[in-house]
Amino acid sequence: MEPSNSVLHWFDFICPFCYVGQQRNEILERRGLEVVHLPFQIHPEIPDGGVEAGPRTGPMYEALEREAAEAGLPLNWPRRLPNTRKALTAAEWIRRSRPDVSGDFNRALFAARFELGEDIGDRAVVERHAAEVGVDLDALRSALDDGSALAFLAESESLGARLGVRATPTWLIAGELVSGLLPRQEFERLAEKATPRG
C-alpha cells in the first residue's frame, strides 16, 4: 500500500503531454504530495529503430508548445518516434534500485527526447544518462539482460491496467483516476483535495 499522501503517476517518455506534465507533478509536490512515477508504454507497436513522426501541426501541437513555454520547458519536436521499452525498463529499475536519482534520470530522458533530439530507443543513450546521474551501469546492464528489470516494468504496467490506465499521463490522486493534461488550476484543486489535513 502506498502512503496516504502519495499520488501514482503513469508516464511514457515518448509522450509530449507527459513531458509538459512534469509541471503538473511539481504542483502536486509543492502541496506535500509524494508523486510515484510509474512507466507505462503507450505505443508498444513501434518497432526497434523507431518510425518517422510526421508533421506536428494543428491546434493540439500549438497548445502543447504554449504549455511547454509557460512551464519553461524547451520543446523541439523529434523527427522520429522511438520504441521506449528499454528506456522505461531502465526507469522502473532505477526507481526501485536507486530512488534517490530516479527523478533526475526521468528528467534527463525527457530532456534527451524533447530538448536534445536524442534517440532514447538506443540502449547506449539510456545507459549514458543513467551513468550521468550516478547509476551503477554494471548492475543496470545485468538487470536489463537477465529480465529482472523488465519484470519490474511489467508490474508497473499491470497495476496501471488493473486501475484503468489507458493513456499517459494518468494520475491516481486521492482515489480519482485523472487522465490527460488537465489545466494547472484543476491540478491545484486536485492537490488541495488530496493534501492530508493536519
Side-chain angles (χ1 to χ4, degrees), residues 9-26 35 37-95 101-135 137 140-141 143-145 149-150 152-154 156-157 160 165-171 179-184:
H9 164 236
W10 286 270
F11 72 94
D12 192 338
F13 293 120
I14 200 175
C15 172
F17 297 96
C18 295
Y19 176 60
V20 175
Q22 293 177 101
Q23 191 269 349
R24 305 301 194 266
N25 289 319
E26 290 171 5
V35 181
H37 303 285
L38 299 169
F40 191 94
Q41 190 177 21
I42 53 170
H43 289 295
E45 75 282 1
I46 293 176
D48 287 341
V51 295
E52 288 296 321
R56 271 66 159 251
T57 57
M60 181 184 76
Y61 294 105
E62 291 166 7
L64 276 166
E65 288 164 4
R66 281 194 305 273
E67 287 273 6
E70 289 170 9
L73 294 167
L75 177 52
N76 301 308
W77 293 110
R79 292 175 52 198
R80 294 182 66 79
L81 300 174
N83 181 299
T84 55
R85 200 89 186 138
K86 293 182 191 77
L88 295 173
T89 300
E92 181 61 2
W93 183 85
I94 291 169
R95 183 183 76 82
V101 299
S102 176
D104 292 336
F105 176 76
N106 290 349
R107 283 187 291 275
L109 265 274
F110 274 122
R113 171 152 177 74
F114 289 105
E115 296 178 36
L116 305 174
E118 296 181 353
D119 177 10
I120 62 168
D122 182 343
R123 178 166 160 171
V125 171
V126 174
E127 290 182 356
R128 173 166 51 83
H129 286 287
E132 286 174 359
V133 299
V135 170
L137 277 189
L140 173 59
R141 286 169 176 158
L144 291 173
D145 291 340
L150 188 60
F152 289 162
L153 175 60
S156 165
E157 292 180 325
V165 175
R166 298 289 177 268
T168 58
T170 295
W171 291 263
S179 188
L181 195 66
L182 300 182
R184 285 185 293 279

Q) Can you list the residues that meet the salt bridge (Lys or Arg N to Asp or Glu O under 4.0 Å) rule with Glu115, with sequence neighbours excluded? A) none
Q: Taking side-chain hydrogen bond (donor to acceptor under 3.5 Å, both in side chains) as the test, write out the residues that go with Thr168, two or more places apart.
A: none
Q) Taking only residues two or more places apart in sequence, or in another chain, which ones meet Ala90 in a side chain to side chain contact (heavy atoms under 4.5 Å, CB included)? A) Phe105, Val126, Leu140
Q: Check whether any side-chain heavy atom of Tyr61 sits under 4.5 Å from a side-chain heavy atom of Pro55, and report yes or no.
A: no
**Q.** Arg80: partners by side-chain hydrogen bond (donor to acceptor under 3.5 Å, both in side chains), with sequence neighbours left out
**A.** Glu52
Q: Answer whether the closest heavy-atom distance between the side chains of Glu92 and Leu38 falls below 4.5 Å.
A: yes
Q: Just jot down the side chain to side chain contact (heavy atoms under 4.5 Å, CB included) partners of Asn76, sequence neighbours excluded, or say none.
A: none
Q: Using the salt bridge (Lys or Arg N to Asp or Glu O under 4.0 Å) rule, take Glu70 and Arg184 through it: C-alpha gap first, then chi angles, then the decisive distance, then the call.
A: CA-CA 11 Å; Glu70 289 170 9; Arg184 285 185 293 279; 2.7 Å; yes
Q) Which atom pair, heavy atoms only, marks the closest approach of Asp122 to Ala124? A) OD1-N, 2.9 Å
**Q.** Residue list, side chain to side chain contact (heavy atoms under 4.5 Å, CB included) with Asn25, at least two apart or on another chain
**A.** His9, Leu28, Val35, His37, Trp171
Q: Taking the side chain as every heavy atom from C-beta outward, state whether Trp93 and Val135 have any pair of such atoms under 4.5 Å apart.
A: yes
Q | Side chain proximity check, Leu144 to Lys86, heavy atoms < 4.5 angstrom | A | no
Q: Just do the side-chain contact (heavy atoms from CB on, under 4.5 Å) check on Phe40 and Thr170 with the steps written out, would you?
A: CA-CA 10 Å; Phe40 191 94; Thr170 295; over 6 Å; no
Q.
Which residues pass the ring-ring contact (aromatic ring centres under 6.0 Å, His included) test with His129, not counting sequence neighbours?
A. none
Q: Identify the two heavy atoms, one from Trp77 and one from Pro16, that lie closest to each other, and give their separation to 0.1 Å.
A: CZ3-CB, 3.7 Å
Q | With sequence neighbours excluded, residues passing side-chain hydrogen bond (donor to acceptor under 3.5 Å, both in side chains) with Arg141 | A | Glu127
Q.
Could you report the tightest heavy-atom contact between Phe17 and Leu64, atom names first, then the distance?
A. CD2-CD2, 3.6 Å
Q: Please identify each residue that fulfils side chain to side chain contact (heavy atoms under 4.5 Å, CB included) with Asn83, with sequence neighbours left out.
A: Gln41, Ile46, Asp48, Arg85
Q. Within a radius of less than 6.0 Å around CZ of Arg79, do more than 12 heavy atoms belonging to other residues, nucleotides or ligands occur?
A. no
Q: Applying side-chain contact (heavy atoms from CB on, under 4.5 Å), run through Cys18 and Phe110 and close with a yes or a no.
A: CA-CA 9 Å; Cys18 295; Phe110 274 122; 3.8 Å; yes
**Q.** Ile14 CD1 to Leu109 CG distance, which is reported to the nearest 0.5 Å
**A.** 12.5 Å
Q) Among all residues two or more places apart in sequence or in another chain, which pass the salt bridge (Lys or Arg N to Asp or Glu O under 4.0 Å) test with Asp104? A) Arg107
Q. Quick one: does Glu157's side chain get under 4.5 Å of Trp10's, heavy atoms only?
A. no
Q) With a 4.5 Å limit on heavy-atom distance, are the side chains of Arg113 and Pro82 in contact? A) yes
Q. Which pair of non-hydrogen atoms, one from Ser156 and one from Pro39, has the smallest distance, and what is that distance?
A. OG-O, 2.8 Å
Q.
So, using side-chain hydrogen bond (donor to acceptor under 3.5 Å, both in side chains) as the criterion, who are the partners of Arg66 when residues are at least two apart?
A. none
Q: Please tell me if the side chains of Arg166 and Ser179 come closer than 4.5 Å, counting only heavy atoms from C-beta onward.
A: no
Q. What orientation do Tyr19 and Phe114 show, parallel under 30°, tilted 30 to 60°, or perpendicular over 60°?
A. parallel
Q) Does any pair with a residue in residues 11-26 pass salt bridge (Lys or Arg N to Asp or Glu O under 4.0 Å), and if so which ones, sequence neighbours excluded? A) Arg24-Glu67
